[in-house]
Amino acid sequence: MTETTFTTLTERGRTEREGATRRREEGTQRETTDEAVDEETCPECDGKLQADETHGETTCRDCGLVVDENEVDRGPEWRAFDSQEKNEKSRVGAPTTNLMHDKGLSSVIDWQNKDAYGGQLSARKRQQMQRLRTWDERFRAKSAKDRNLKQALGEIERMSSALDLPDTVAETAGVIYRRALEEDLLPGRSIEAVATASVYAAARQSDVPRSLDEFEPVSRVDRREFARAYRYVARELELAMEPTNPDDFLPRFCSELGASEELKRRATDLLSAGKRAHVHSGKSPSGLAAAAIYAASRLLDQEFTQEEVAEVADVSAVTIRSRYRELLRAADDQHYATAD
């Protein structure tokens with residue numbers, strides 16, 4: 001046999017083996033497809049199948065044939081009849097949150113010195129648990145980034161609580177601070193300043209604004225520092241910030257003053273008139289809201305003193321005196337223009 005003939009036979013054998021392998025694979029694929037079709041349809045009437053998780057069965061919708069039974073129940077092994085009982089029996093822990101540096105995914109050793117049955121631990125066990133808590137705390141924040149986040153998120157929670165902001169605002173502030181940390185915006189700025197700037201930006205984005213004057217008492221840095229940090233973070237992260245609307249301050253101020261709904265509506269009308277006359281341009285939104293409330297109270301003979309409104313709005317009485325006259329003048333001008 002020549003070398004050329006041997007090479008031809010070898011190639012022919014390899015081709016036949018590859019063809020047989022390909023035919024076997026195609027047959028396997030067809031069998032798998034047929035099985036998948038069979039699993040979705042009833043073997044008796046070709047009807048659609050449905051899973052009954054309560055009884056652990058798969059039945060046909062049309063003829064009721066039980067195709068499979070004794071299926072594995074992947075739900076909890078306990079039952080609960082109210083939310084409190086559900087929380088007590090659940091063992092999956094709290095949901096993830098951006099207000100923790102590890103998003104709440106790490107283990108936490110309980111601070112209570114009790115065993116699984118509620119009994120008190122011995123003195124030796126208490127010392128051992130205290131050492132374990134110390135090491136657990138150290139391992140949870142090993143890197144400098146984790147320690148930075150831990151301190152900043154604690155500040156965000158503290159300020160949000162002091163300003164009575166919703167949890168969604170605190171979560172948004174946590175996301176903003178994480179972005180600032182990832183973009184390396186912190187060098188040259190204090191953690192407290194960027195944390196305060198994040199809360200201020202989150203409050204504005206969530207339409208529950210607070211003025212810079214309200215942040216000054218709760219922040220650990222002065223107003224100039226966190227205002228500068230806010231402008232820098234908003235510019236670098238390209239945060240979408242619309243101008244603060246004075247109307248957003250009205251519900252909170254009226255609630256704290258105990259004002260009536262009629263007064264709130266009249267204050268809203270005065271602010272609308274001021275906006276049409278461009279009185280609000282370059283003015284403090286909280287100051288305008290306070291002035292509108294004071295002006296509305298005078299029009300309705302439900303007078304609040306300037307000091308009372310100024311204390312709630314955290315502005316000066318001089319600001320209220322200046323702004324409320326402008327609002328009344330704008331409302332009068334528009335009234336006369338409409339009458340003409």
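Treat the numbers as computed from the prediction; the structure is a model and nothing was measured. Any value given below was found using the heavy atoms of this structure, including those in side chains, with hydrogens, waters and symmetry copies removed.
Between C60 and the choices L49, T41, D46, the side-chain contact (heavy atoms from CB on, under 4.5 Å) rule is met once, by L49.
Using modelled atom types, one side-chain atom of R133 and one backbone atom of W111 make a donor-acceptor pair closer than 3.5 Å. Here the side chain of R189 pairs a donor or acceptor atom with the backbone of P187 at under 3.5 angstrom. The backbone N or O of F81 lies less than 3.5 Å from a partner atom in the side chain of E85, making a donor-acceptor pair. For the pair R220 (side chain) and E192 (backbone), a donor-acceptor distance under 3.5 Å is absent. In terms of modelled atom types and a separation under 3.5 Å, the side chain of R325 and the main chain of R321 share a donor-acceptor contact. One N or O on the side chain of S272 and one on the backbone of T268 form a donor-acceptor pair closer than 3.5 Å. Here the side chain of S260 pairs a donor or acceptor atom with the backbone of L263 at under 3.5 angstrom. Between the side chain of D52 and the backbone N or O of G56, no donor-acceptor pair lies under 3.5 Å.
Sparse packing is recorded around CD of E183, with 12 or fewer heavy atoms of other residues, nucleotides or ligands lying under 6.0 Å away. Annotation for R276: atom CZ counts as buried by contact number, over 12 foreign heavy atoms lying within 6.0 Å.
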Audit row: R252, E214, salt bridge (Lys or Arg N to Asp or Glu O under 4.0 Å) steps and yes/no: CA-CA 13 Å; R252 180 162 58 94; E214 293 178 87; 2.9 Å; yes

Begin with the C-alpha distance, continue with both residues' side-chain angles, and end with the deciding distance and a verdict on salt bridge (Lys or Arg N to Asp or Glu O under 4.0 Å) for K275 and D247. CA-CA 11 Å; K275 290 177 185 176; D247 296 80; 2.5 Å; yes

When you look at S322 and T319, which way does the side chain to side chain donor-acceptor pair (under 3.5 Å) test go after all the steps? CA-CA 5 Å; S322 302; T319 300; over 6 Å; no

For S160 and V199, run side chain to side chain contact (heavy atoms under 4.5 Å, CB included): C-alpha distance rounded to whole Å, both residues' side-chain angles, the deciding distance at 0.1 Å, then the answer. CA-CA 7 Å; S160 300; V199 179; 4.1 Å; yes

For side chain to side chain donor-acceptor pair (under 3.5 Å), just list the numbers for T58 and E71, CA-CA rounded to whole Å, side-chain angles, deciding distance to a tenth of an Å, and then say yes or no. CA-CA 8 Å; T58 300; E71 296 178 356; 2.3 Å; yes

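A salt bridge links E155 with R158: at least one charged nitrogen is closer than 4.0 Å to a carboxylate oxygen.
Under the salt bridge (Lys or Arg N to Asp or Glu O under 4.0 Å) criterion, D269 pairs with no residue at all, not counting sequence neighbours.
Each salt bridge (Lys or Arg N to Asp or Glu O under 4.0 Å) pair with one or both residues in residues 162-175, not counting sequence neighbours, would appear here, but there are none.
The line from CZ of R323 to OG of S286 is 10.5 Å long, rounded to the nearest 0.5 Å.
In this structure, F215 and F226 have tilted ring planes: the angle between them lies in the 30° to 60° band.
In this structure, L328 is a member of the same hydrophobic cluster as V315, with clusters built from ILVMFWY side-chain heavy atoms closer than 4.5 Å.
Side-chain atoms of R298 and Y324 include a donor-acceptor pair closer than 3.5 Å.
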